[in-house]
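First up is the structure itself, then whatever we jot down about it.
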Amino acid sequence: MLDTLLDLTDTQKEIRELARAFAREHVAPFAEQWDREAHFEPSLVGKLGEAGFLGMLIPEEYDGLGLDTSSYLLALEEIAAADASTAVLMSVHNSLPTQMILRWGTDAQKERWLRPMARGELLGAFALSEPDSGSDAASLRCQAVRDGDDWVLTGTKAWVSSGTHAGVIVAMARTDTADMRRGGRGISAFIITPDLPGFSIGKKERKMGLCASPTVSLVFDEMRVPADRLLGEINYGFVYAMQSLDHGRMGIASQAVGIARAAFEAARAYADQRQQFRRPIRDFQAIQFKLADMASRVTGARMMLHATARAKDRGDKVTIYSSMAKLLASETAMFVADEAVQIFGGYGYVKEYPVERYLRDAKVTEIYEGTSEIQRVVIARELYT
Ligand SMILES: Cc1cc2nc3c(=O)[nH]c(=O)nc-3n(C[C@H](O)[C@H](O)[C@H](O)COP(=O)(O)OP(=O)(O)OC[C@H]3O[C@@H](n4cnc5c(N)ncnc54)[C@H](O)[C@@H]3O)c2cc1C
């Protein structure tokens with residue numbers, strides 16, 4: 001929809017078509033049921049892996065597709081338009097744990113973890129947040145203490161997307177408790193697997209949207225983590241997490257664009273067929289203007305996002321742009337989904353049609369991987385440095 005401005009390459013168009021076909025066959029027909037039953041479909045991970053969607057940014061030498069960021073975001077938009085819950089699984093996996101291992105992992109770590117992650121044999125998750133540490137992520141309290149050949153981790157990570165089914169979790173823990181004021185510099189990143197002694201899955205959240213994506217807390221009870229699971233340098237995990245969020249936020253922006261596009265397309269189709277006052281409601285200028293605003297915002301958010309992706313692939317620093325893209329796209333998703341419900345009238349408010357799900361799913365894009373307030377903090381900070 002309205003994507004001619006994107007100027008896509010043939011490969012990018014092909015990837016988008018593949019993702020669209022995958023979503024049509026394996027995701028869209030089940031999205032309503034998975035949402036209603038809050039069901040995470042485990043077989044989806046293998047299917048996404050087989051199709052290459054879990055290794056899109058992993059180089060071919062590690063069994064990935066080694067694609068550019070725009071291709072990945074285009075595929076993600078297609079999946080999100082079918083089901084936002086499936087999109088968050090794909091976004092977190094591709095943007096955070098795999099990217100962190102790729103960028104800061106040793107050769108042995110890449111060899112051991114990236115291959116199965118690229119093939120969809122191991123699903124990745126990211127554990128930064130804690131019950132008392134969200135926007136102020138550097139205040140996290142989960143502790144890692146060295147004991148012989150192991151690290152011993154104690155604490156609770158909160159809100160871990162895909163946490164019930166993840167085979168690899170990149171988790172942040174404090175390794176230097178001497179001076180909390182040093183902020184990020186006392187935190188390290190660890191590669192965690194659910195088989196480690198002391199690991200357990202805690203509370204599963206009951207959510208307003210994204211119901212088919214399991215969000216859980218993870219409890220580390222004196223969990224022994226072999227020393228070779230430390231990712232990158234000691235005390236630099238927080239820095240790595242923040243740098244990776246540049247990428248993560250593009251993923252969430254793409255998820256938001258996908259939800260918004262789906263809401264727009266549903267509303268446009270409904271406006272064509274719904275008759276009131278003996279004419280389709282699309283004949284009313286009030287409805288046409290809503291659709292015009294919706295289309296403009298979706299197109300604008302998508303353009304911002306893909307311009308950011310291209311800058312990233314050129315090697316530019318994109319912190320300010322990825323925050324802008326996430327801010328614009330998530331607010332677009334909320335605006336467009338809300339207007340879609342309005343265009344559907346009473347039918348928008350019931351579960352017979354998908355637009356109420358779009359509205360519920362859109363909200364979280366303004367919250368996770370940094371709230372809209374935090375995106376504004378980041379943008380303002382970048383403006384003044
Ligand atoms: C469905 C879901 C999935 C998630 N998945 C993951 C995951 O996989 N991994 C992970 O680590 N985390 C995950 N999160 C956590 C998410 O990133 C946090 O919820 C988010 O960062 C906000 O933190 P908080 O909820 O503690 O809110 P708080 O930080 O307590 O914020 C509360 C309010 O205060 C505002 N606020 C806080 N600080 C400031 C400030 N300095 N200036 C202005 N306003 C401020 C916030 O914007 C917000 O409106 C997930 C969350 C949800 C809901």
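As the structure lists them, so they are numbered: ligands from 1, and atoms in each ligand from 1.
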Distance-only donor-acceptor check, side chains [X] and [Y], under 3.5 Å:
{"X": "Lys204", "Y": "Thr164", "answer": "no"}
{"X": "Gln12", "Y": "Asp68", "answer": "yes"}
{"X": "Tyr72", "Y": "Ser254", "answer": "no"}

Regarding atom 20 (C) of ligand 1: of the candidates Ile367, Val377, Val170, which has the closest heavy atom? Ile367

Would you mind finding which of Gly134, Ser135, Pro131 brings a heavy atom closest to atom 28 (P) of ligand 1? Ser135

Glu78 side chain to Ala23 backbone, donor-acceptor under 3.5 Å: no

Could you tell me, atom by atom, which parts of ligand 1 come under 4.0 Å of a heavy atom of Val364? 1 (C), 53 (C)

Can you sort out which atoms of ligand 1 are near Glu369, meaning under 4.0 Å from one of its heavy atoms? 17 (O)

Taking both backbone and side-chain atoms of [X], is any N or O found less than 3.5 Å from an N or O belonging to ligand 1?
{"X": "Phe126", "result": "yes"}
{"X": "Thr215", "result": "no"}
{"X": "Glu373", "result": "yes"}
{"X": "Leu128", "result": "yes"}
{"X": "Ser133", "result": "no"}

Parallel, tilted or perpendicular: rings of Trp34 and Phe30 (30°, 60°): parallel

Looking only at protein heavy atoms, which one is nearest to [atom], and how far off is it?
{"atom": "atom 2 (C) of ligand 1", "value": "Tyr368 CD2, 3.6 Å"}
{"atom": "atom 52 (C) of ligand 1", "value": "Trp159 CE3, 3.9 Å"}
{"atom": "atom 41 (N) of ligand 1", "value": "Ile374 CD1, 4.0 Å"}

Got [X] and [Y] here, is their nearest side-chain heavy-atom distance under 4.5 Å?
{"X": "Tyr270", "Y": "Tyr347", "result": "yes"}
{"X": "Glu60", "Y": "Leu65", "result": "no"}
{"X": "Thr175", "Y": "Gln143", "result": "no"}

For Thr193 and Arg229, what are the C-alpha separation, side-chain angles and deciding distance, and is it a side-chain hydrogen bond (donor to acceptor under 3.5 Å, both in side chains)? CA-CA 10 Å; Thr193 47; Arg229 300 284 190 91; 3.1 Å; yes

Under 4.0 Å from atom 4 (C) of ligand 1, do we find at least one protein heavy atom? yes

Give the contacting part of Thr371 toward ligand 1: side chain, backbone, both or neither, where contact means a heavy-atom distance below 4.0 Å. side chain

